[in-house]
Q: 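Sharing a structure below in structure tokens format, with a few things to ask.
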Amino acid sequence: MYNQLKSEFLKLKYSRLFVAVPILFVAGLLLYGSFSLSAGGTQVLVSEGDEETNAAVQGTIGFFAFTFENSDMPEFSEIMQSCISCNVFLWIIALILTIQFFCYDYSVGTIKLPVAYGIDRVKVYFAKVIVIVGYNAVCYFIFNAITLLFTCFQTGYVPDITELRLYFGCTGCNFLVMVSFILLCLTICICLKNTGIIATVLCLFTLGGAVIYTGIWQNFHSHIILKYIVWLGPLYYWMNMGALRLEYGLLHEIIVYFVFSLLCLLPLSVILIRKQEFK
């Protein structure tokens, strides 16, 4: 397994993606920095009202960057919201990396080589999964650390250890959602293999789920089918985390979503890998 992991990592290292992904993250940082120039902050995919499950509580979902009540003395929760708002576009970078790296061997036909040498195709698949998730993790947590440093420096806020633990705990939960999204992407990749179709389907599904959620949020749990479509998309969890709606069972939902991906999507993708034929 170690040799296969090394092989997949070297494929990534000497590909354009190894440089392209950090460039996209830098572009994301520049975009995030531009949020700070917006008077009154920036809000994306925002909806507010009374949620059906707790009608007495006024709430808001969405992504909020630099929307401070008092810009001279912001609260750490507002700084966290600004940093977590970056997740509104990180899924696009994960989508590009996952599709391009996984589908490359299929497009050029090199996926046959390790199988021809007697390497189990499931082992090849897991090596690809580990490399994709690992590279995403490194870029993701560096990105979140930089956004926190930038925001704290700009506002003059010095967080304590407890606040840092809370912030990286929340970003860690967001990354669990990212892993689930990557596994969803890989499952779709195995089924379709055409990068254009895969990207279109996943973009429509992800953004469509977010749009549906903002539209039906006030009576979300009364929709029998739509709520499950929304639950399968990552933006449902990131929109609620962006508003720090932690008191409504969000952490439990994230864990359930992550476990679902491990117990359902991962085994399904392994079954599909075992049954697929290479041409």
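Scope of the values below: all heavy atoms of this structure, side chains included, with no hydrogens, waters or symmetry mates. All residue numbers refer to positions in the sequence shown, counting from 1.
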Q: Is any side-chain heavy atom of Phe35 closer than 4.5 Å to one of Ser82?
A: no
Q: Could you check whether any side-chain heavy atom of Ile61 comes within less than 4.5 Å of a side-chain heavy atom of Tyr236, counting everything from C-beta outward?
A: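 Sidechains of Tyr236 and Ile61: no contact.
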Q: Shortest non-hydrogen contact from Leu244 to Ser77?
A: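 Nearest heavy atoms, Leu244 then Ser77: CD1-O, 3.4 Å.
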Q: Write out all pairs satisfying side chain to side chain donor-acceptor pair (under 3.5 Å) with one or both partners inside residues 17-27, taking only residues at least two apart or from two chains.
A: none
Q: Flag the pair Leu235 / Tyr213 as yes when at least one side-chain heavy-atom distance between them is below 4.5 Å, and no otherwise.
A: no
Q: Please check if atom NZ in Lys123 has more than 12 non-hydrogen atoms from other residues, nucleotides or ligands closer than 6.0 Å.
A: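 12 or below, so no.
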Q: Go through the steps to decide whether Phe63 and Met239 satisfy the test side-chain contact (heavy atoms from CB on, under 4.5 Å), and finish with yes or no.
A: CA-CA 6 Å; Phe63 299 93; Met239 288 169 68; 3.4 Å; yes
Q: Please lay out, stage by stage, how Leu164 and Leu148 fare under the test side-chain contact (heavy atoms from CB on, under 4.5 Å).
A: CA-CA 9 Å; Leu164 290 175; Leu148 179 63; 3.6 Å; yes
Q: Are more than 12 heavy atoms from other residues, nucleotides or ligands located less than 6.0 Å from atom CG of Leu204?
A: yes
Q: Can you confirm whether the side chains of Glu78 and Tyr157 place a donor and an acceptor under 3.5 Å from each other?
A: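 Side-chain D/A pair, Glu78 to Tyr157: absent.
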Q: Check whether more than 12 heavy atoms from other residues, nucleotides or ligands sit under 6.0 Å from atom CG of Leu30, and answer yes or no.
A: yes
Q: Please confirm whether the ring centroid of Phe66 lies under 6.0 Å from the ring centroid of Tyr32.
A: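 Aromatic pair counts; centres sit under 6.0 Å.
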Q: Is it possible for you to check whether Lys11 lies under 6.0 Å from the centre of the six-membered ring of Phe101, through NZ or CZ, and within 45° of that ring's axis?
A: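 Ring-cation test returns no.
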Q: How far does CZ of Phe258 sit from OH of Tyr237, to the nearest 0.5 angstrom?
A: 13.0 Å
Q: Is the closest side-chain heavy-atom distance between Val256 and His252 below 4.5 Å?
A: yes
Q: Measure the shortest side-chain to side-chain distance between Asn144 and Tyr167 over non-hydrogen atoms and say whether it is less than 4.5 angstrom.
A: yes
Q: If you group Ile, Leu, Val, Met, Phe, Trp and Tyr by side-chain heavy-atom gaps below 4.5 Å, do Tyr228 and Trp238 land in one group?
A: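 In one cluster with Tyr228: Trp238, yes.
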Q: With heavy-atom distances below 4.5 Å as the criterion, would you say the side chains of Cys203 and Leu95 are in contact?
A: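 In short, these two side chains touch, coming nearer than 4.5 Å.
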Q: On a heavy-atom basis, which atom in Cys170 and which in Met80 lie closest, and how many Å separate them?
A: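 Smallest interatomic distance, heavy atoms only, reads SG-CE, 3.5 Å.
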Q: When rounded to the nearest 0.5 angstrom, what distance separates OG in Ser269 from CZ in Phe102?
A: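 Ser269 atom OG to Phe102 atom CZ measures 8.0 Å (nearest 0.5 Å).
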Q: Please identify which of these residues, Thr98, Ile99, Ile93, Ile92, meets the side-chain contact (heavy atoms from CB on, under 4.5 Å) condition with Ile96.
A: Ile92
Q: What about Ile197 and Ile188, same hydrophobic cluster or not, with Ile/Leu/Val/Met/Phe/Trp/Tyr joined at side-chain heavy-atom distances under 4.5 Å?
A: yes
Q: Less than 4.5 Å apart, side chain to side chain, heavy atoms only: is that true for Phe64 and Ile84?
A: no
Q: Using a 3.5 Å distance criterion without hydrogens, assess whether the side chain of Glu8 forms a donor-acceptor pair with backbone atoms of Leu5.
A: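 Judged by distance alone, no pair lies under 3.5 Å.
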Q: Hey, quick one: are Val122 and Leu268 part of the same hydrophobic cluster, counting side-chain heavy atoms closer than 4.5 Å, chains of contacts allowed?
A: yes
Q: Quick one, Glu253 with Leu250, criterion side-chain contact (heavy atoms from CB on, under 4.5 Å). Give me CA distance, side-chain angles, the key distance, then yes/no.
A: CA-CA 5 Å; Glu253 289 184 320; Leu250 178 62; 4.1 Å; yes
Q: In terms of hydrophobic clusters joined by side-chain contacts under 4.5 Å, are Leu17 and Ile23 together?
A: no
Q: Roughly how far, to the nearest 0.5 Å, is SG of Cys103 from CG of Asn194?
A: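 If we round to the nearest 0.5 Å, Asn194:CG and Cys103:SG are 8.5 Å apart.
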Q: Just by distance, do the side chain of Trp91 and the backbone of Met178 share a donor-acceptor pair under 3.5 Å?
A: no
Q: When you measure from the side chain of Tyr257 to the backbone N and O of Leu232, does any donor-acceptor pair fall under 3.5 Å?
A: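 Indeed, once roles are kept as given, a pair shorter than 3.5 Å links the two residues.
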Q: Would you name the heavy atoms of Phe68 and Ile79 that are closest together and state the gap between them?
A: CE2-N, 4.1 Å
Q: Got a second to check how far Ser15's OG is from Leu97's CG, nearest 0.5 Å?
A: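 So the OG of Ser15 and the CG of Leu97 are separated by 8.0 Å.
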Q: State, with a plain yes or no, whether a side-chain heavy atom of Cys191 is found less than 4.5 Å away from one of Leu272.
A: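 In short, these two side chains touch, coming nearer than 4.5 Å.
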Q: Starting at CG of Leu251, measure out to CZ of Arg245 and round the result to the nearest 0.5 Å.
A: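 If we round to the nearest 0.5 Å, Leu251:CG and Arg245:CZ are 12.5 Å apart.
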Q: Side-chain heavy atoms nearer than 4.5 Å, only ILVMFWY residues, links allowed to pass through others: does that put Val211 and Ile216 together?
A: no
Q: Would you give me the side-chain donor-acceptor pairs under 3.5 Å for residues 129-142, sequence neighbours excluded?
A:
{"unit_1": "Tyr135", "atom_1": "OH", "unit_2": "Phe18", "atom_2": "O", "d": "2.7"}
{"unit_1": "Asn136", "atom_1": "ND2", "unit_2": "Ile132", "atom_2": "O", "d": "3.1"}
{"unit_1": "Tyr140", "atom_1": "OH", "unit_2": "Thr171", "atom_2": "O", "d": "3.1"}

Q: Go through the steps for Val177 and Phe181 under the test side-chain contact (heavy atoms from CB on, under 4.5 Å), then give the verdict.
A: CA-CA 6 Å; Val177 177; Phe181 179 66; 5.5 Å; no
Q: Closest heavy-atom contact between Leu265 and Ser180?
A: CD1-O, 4.1 Å
Q: Would you name the heavy atoms of Arg121 and Ile273 that are closest together and state the gap between them?
A: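 The answer is CD-O, 3.0 Å.
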Q: Between atom CD1 of Ile271 and atom CG of Leu266, what is the distance when rounded to the nearest 0.5 Å?
A: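 Rounded to the nearest 0.5 Å, the CD1-CG separation comes out at 10.0 Å.
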